Amino acid sequence: MSETIFSKILSGAIPCHKVYEDDRVFAFLDINPLSTGHTLLIPKEAAKTLDALSEESAAALGRVLPRICRAVIAVTGVREYNVLENNGAGAHQAVAHVHFHIIPKPSSSEGLGVGWPARSLDTQAGAKLAARLREQFE
Ligand code: 5GP
């Protein structure tokens, strides 16, 4: 995979405000925060999107994510927050290295704004779709 701004942060070539590090993951403050405490959690593995990530890195992220959330809550005093993970440019991914945003939501005007253009799920189409998805795990 080609080098990204996050691999340069991991190698120390670009500075950051580090929050947490272990052998598989790294967390640091976002350079353009949506709210105070906006933190990024990344795997050290250089995967572009979540579907390309190893189970080991995914497990390491999952273990640490609640701890990062607790630290952000404790320090900001803000108990509401969003966790966001974008995959692909069309889905607003700007940096091609898996990253989870932890974004405090202190007020309606700060933090992440979410568009949610929900439709209703047709029962028959839903049954077919879920069956096809289950086949992927066989
Ligand atoms: P994405 O849109 O890919 O989900 O989010 C990428 C995030 O990386 C953005 O929130 C952006 O502010 C952050 N970012 C981009 N370049 C840098 C950087 O050099 N340092 C830090 N700390 N964050 C960065």
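Every value quoted in this text rests on a predicted model; they were computed, and no experiment measured them. FYI, the numbering just counts along the sequence from 1. Order of listing sets the numbers, starting from 1, for every ligand and every atom in it.
- For the ring pair (Phe, Tyr, Trp, His ring centres under 6.0 Å) test with His99, the passing option among Phe26, Phe6, Phe28 is Phe6; the others fail.
- Every protein residue with a heavy atom nearer than 4.0 Å to ligand 1 is included here: Ile5, Phe6, Ile9, Phe28, Leu29, Asp30, Ile31, Asn32, Leu40, Asn86, His92, Gln93, Ala94, Val95, His99, His101.
- Residues Arg79 and Ile73 approach most closely at NH1-CG2, 3.6 Å, considering heavy atoms.
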Quick one: side chains of residues 85-93, donor-acceptor pairs under 3.5 Å with protein atoms, not counting sequence neighbours, listed by atom name and distance.
unit_1 : atom_1 : unit_2 : atom_2 : d
Glu85  : OE1    : Asn87  : ND2    : 2.6
Asn86  : ND2    : His92  : O      : 3.3
Asn87  : OD1    : Leu50  : N      : 2.9
Asn87  : ND2    : Glu85  : O      : 3.4
Gln93  : OE1    : Gly88  : N      : 2.6
Gln93  : NE2    : Lys48  : O      : 2.8
Gln93  : NE2    : Val95  : O      : 3.0

Show me the side-chain donor-acceptor pairs of residues 60-72 shorter than 3.5 Å, one per line, residues at least two apart or across chains.
none

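- For residues 109-119, the set of pairs meeting the side-chain hydrogen bond (donor to acceptor under 3.5 Å, both in side chains) definition, not counting sequence neighbours, comprises Ser107-Ser109, Ser107-Glu110.
- No path of Ile, Leu, Val, Met, Phe, Trp and Tyr side chains, each step under 4.5 Å between heavy atoms, connects Val83 with Val114, placing them in separate hydrophobic clusters.
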